[in-house]
Protein chains: 4
Amino acid sequence: MSEAILAVVCYYAYAMVKLWLLQTLWALTHSQFFQKGRDVSMRASKTRVIFEAAIDIFSERGFEKATMDDIAAKANVAKGTIYYHFKSKEELFVFLVEQGTEILREHVLAKLSDQMTPTDQIRTIIHEQLTFFTDYRDFCIIILREAWGEEQRQRQFRRMLVHYVRAIEEVVLAGIQTGEFVEVDTTTTAWSIFGGLSITALHHLFADPSVDLTSLQPHFEELLLRGLIRSVPNTHSSTAEDGNAPSPLTESGEI
Amino acid sequence: MSEAILAVVCYYAYAMVKLWLLQTLWALTHSQFFQKGRDVSMRASKTRVIFEAAIDIFSERGFEKATMDDIAAKANVAKGTIYYHFKSKEELFVFLVEQGTEILREHVLAKLSDQMTPTDQIRTIIHEQLTFFTDYRDFCIIILREAWGEEQRQRQFRRMLVHYVRAIEEVVLAGIQTGEFVEVDTTTTAWSIFGGLSITALHHLFADPSVDLTSLQPHFEELLLRGLIRSVPNTHSSTAEDGNAPSPLTESGEI
Amino acid sequence: MSEAILAVVCYYAYAMVKLWLLQTLWALTHSQFFQKGRDVSMRASKTRVIFEAAIDIFSERGFEKATMDDIAAKANVAKGTIYYHFKSKEELFVFLVEQGTEILREHVLAKLSDQMTPTDQIRTIIHEQLTFFTDYRDFCIIILREAWGEEQRQRQFRRMLVHYVRAIEEVVLAGIQTGEFVEVDTTTTAWSIFGGLSITALHHLFADPSVDLTSLQPHFEELLLRGLIRSVPNTHSSTAEDGNAPSPLTESGEI
Amino acid sequence: MSEAILAVVCYYAYAMVKLWLLQTLWALTHSQFFQKGRDVSMRASKTRVIFEAAIDIFSERGFEKATMDDIAAKANVAKGTIYYHFKSKEELFVFLVEQGTEILREHVLAKLSDQMTPTDQIRTIIHEQLTFFTDYRDFCIIILREAWGEEQRQRQFRRMLVHYVRAIEEVVLAGIQTGEFVEVDTTTTAWSIFGGLSITALHHLFADPSVDLTSLQPHFEELLLRGLIRSVPNTHSSTAEDGNAPSPLTESGEI
DNA sequence: TATGAATGAGAGTTCATTCAT
DNA sequence: CATGAATGAACTCTCATTCAT
């Protein structure tokens, strides 16, 4: 018997050591020991606090007019603390913009699946971008304000935007290849979708801050998918099914 | 006696020559003759010169980063001169923006006539806005950069934009009333047209400064007028007439 | 007669015009029209005032510790005014150092003539450097404090010093060539003269600010020209002829 | 029963292994094992490590420009650690300067003995100061840079210097009293020796960092002991031309 | 009309020092 | 003993605006 018990105990000890070793090593590799870079998850309170204050201030005042004093005050930290976490105003801004566009991209891409038709994918893109702009209203302002110029941060910013718009472009291209979409110019189309959504959203956010952007969804779908011109054979107005305007093509059979 | 007169005459001649020389030399030293090449005819008033320099600088640097020194240097006038003509940097900027949006509006409206169908009017709007953005590339940047915010000049700026977009809106409304257009949301549609055109143009201007924006026209027409989805009865691809792709509807045949 | 008078008058007019033209052109070429660079003569009041305040503050606090606020306050101008005249703190300092070492060099060289024997030239150098350090006590501090390091301004500073010490070196070399001096190492000797004078002067200025540096002259002459070791045949102390200690060698004949 | 004991033993073994692993890993993550190479034996206390880093940084950057971060990084300790050992930057600097001048003083005095003639003592001083400056090049820079000013640490610094120079002064005085030296002014002479040596050494260290300062020794001896002027009647060479001393007198022909 | 030297409030950034762990 | 995140006073430099000429 004692051998069995011994075996069990020894195995137990071995298992404990192994478990503990694994945990320790995991902690080690995930600690700042091997990655002195920024803590992306931002569990660190101060970094997160500064990040959020920065979005507020930058979107409210713009990059140039926003001051580090403003951000520090908003984040309730000393000015020096910001510089402990970010090398400069520029770096803080770039970090913020990278995170933001990446969130937007993931926010949208997460909802796209290969099962969807390109039409439904475009619908999803419209919807998700609108909800993103609702949730991150401030970031939406930053996008349009700060991307245009020849400074380093602005070029970097545009690279992120191009990355996002390319995702839209691919959906459009897929639609063309399946024959579902007209053979439009994909780049122009993708930027028009992004630009139309953004500027319109921005206009509404400033004209009436309480507006619900997602209520604009059917209008965008109508415009982007079906175009302005009444398809002649359509005898009955397509605007009947306004609410969520699903497949506007099923009636194509008539005459 | 005549000698005395002669003396007077000679002295007078001397005085005139001196006076003339004085003036010439003064003009020489104070003119910008030796400085950066300048339109010698100078019909342009100082105000005009400052105005043009301001557009250059504001679009290149943005409102906050542009300095009055930059503008003065570009305009080849002293900094004080700007303040003689404009009360402040803000006033100069507002003046510039008002002029600009007004020029854009007139530029577009001048080409619209009641004789046109709404469809052709939309085509014209696309075309004219693209040529405007080609000619006033800098102003196009200013529009998207500086309109969003709660400062006085930014509200004022948006009022000008709304004024312009309303013109597009009216064309869309007219098209709906004549039954030529689908019953879309006019505001969303007008801002989408403006936004899609603007952002796309801006993207191209930064991605490839040498691009000819008007070459994008057919793509915009295709997208905005006909939409993305292939109208089923259309048996032949409309993309055949790619080059300038005019009226994609004429083949419908109906009276 | 009238022709004669006429000729006189005309000539008079011509002469006046020519004179006036010459004056004007002279003023023109010497005005800032052709030389936008710094007004070296510093007739401009503000530049001069700032220059002098800067010497005060830099010598009192050192380059790093001196603040532009200090200098502005000392000069009784606004901080911006300094930056209107000098691009940066560094530039102000370099300008000051260039002027200073140049003044020292000219101050000394002006008193050296080819008629002098090398011995007398060394005496003159000692004397003039001591009077310079008396008059520009602050600059003397700057020289020893700020020349040592690898920053741009420090390298530049050392270049100026080398330039000055080279002048001493040439005198030593001349003395060797005429056989008047022992064949010492010229570089070591020149730097020792400069360094010994400077450090000693500095010590005295700090130990007892009211000290008359020129009273140290005979001691330096004694040391540098005759050395420490008593030349054996010299039966009478050389310190007898203290005042200006002329040729201590003429008595060489005895015994 | 033995099973229970076995279990206890096993658990104990497990605990020991875990403890040991914990310690090892902790040491690993907190040691500087992976950071810049470091003396593993670590006999040197933290104080010593900081001291050496401080000399490096202070001499490289100067007191004002050196930062505690620089020093901490160079010493491979946390910034707080410096403040555990030294009350402030100023205190660290004063400590460093006191140690340095004391080392210089002892370095030189240790080689002086009462048996030597004053002449040989001067020779020794020259030699030892040159070797000190060779070994502690950085400290040599600090001496000349930071001693001049009215701040507390600068007065303190000068007291240390005066202490050292006084030792030279005593040698000179002894030489005068024995009749070996001319009756020079002892203070001026001592400071000139110190200043000439220091500035010349500094010049060479910056002009050509690879220079061997001790090779300058004969030149200093020549200059300081014998002076510039050729003593014509000196029949017997004093001190039998030492190290390399090119004996400028042998051509005198006598005896 | 036009000028440009002068201004000073305010910006971004640095860094010696502290203190909870 | 040792750490390093946090601090905030103080620095250099910018630039819209004014005003005597």
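Every value quoted in this text rests on a predicted model; they were computed, and no experiment measured them. Numbers restart at 1 for each chain; the letters A, B, ... are given by sequence-line order, proteins then strands.
- Shown here are the side chain to side chain donor-acceptor pair (under 3.5 Å) partners of B:Asp69, two or more places apart in sequence or in another chain: B:Lys79.
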Report, as a single string ordered 5' to 3', how protein heavy atoms within less than 4.0 Å touch nucleotides 11-21 of chain E: B base, S sugar-phosphate only, - not at all.
SBBBSBBB---
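- Rounded to an integer number of Å, the gap from A:Arg48 CZ to F:dA6 P is 16 Å.
- Looking at C:Gln156 and C:Glu98, their side chains do bring a donor and an acceptor atom within 3.5 Å of each other.
- Rounded to an integer number of Å, the gap from B:Asn76 CG to E:dA2 C1' is 14 Å.
- Comparing the C1' positions of E:dT1 and F:dT21 gives an interatomic distance of 12 Å, to the nearest angstrom.
- Proximity of the aromatic rings of C:Phe95 and C:Phe51 is defined here by a centroid distance below 6.0 angstrom, and this criterion is met.
- Geometric assessment of B:Arg145 against the ring of B:Phe63 yields a negative cation-pi assignment under the 6.0 Å and 45° thresholds.
- Stem regions for DNA chain E, each three or more consecutive Watson-Crick or G-U pairs with both distances under 3.5 Å and listed by first number, read E:2-21 with F:2-21.
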Where do B:Phe93 and B:Ile142 land on the side chain to side chain contact (heavy atoms under 4.5 Å, CB included) test, with the steps shown first?
CA-CA 10 Å; B:Phe93 182 75; B:Ile142 293 178; 4.0 Å; yes
Please walk me through it: do D:Glu52 and D:Lys74 pass salt bridge (Lys or Arg N to Asp or Glu O under 4.0 Å)?
CA-CA 9 Å; D:Glu52 279 166 2; D:Lys74 188 89 171 190; over 6 Å; no
Could you go step by step and tell me if B:Arg153 and B:Glu146 meet the side chain to side chain contact (heavy atoms under 4.5 Å, CB included) rule?
CA-CA 9 Å; B:Arg153 69 169 193 280; B:Glu146 307 291 348; 3.9 Å; yes
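- Taken from OG1 in C:Thr81 to NZ in C:Lys46, the straight-line distance is 6.0 Å, to the nearest 0.5 Å.
- Per the geometry, NE2 belonging to B:His85 stands 12 Å off C1' belonging to E:dT3, to the nearest Å.
- Residue C:Ile82 contributes atom CD1, which lies 18 Å from atom P of F:dC15 at whole-angstrom precision.
- In this entry the distance linking CG of C:Asp70 with P of F:dA10 reads 12 Å, nearest Å.
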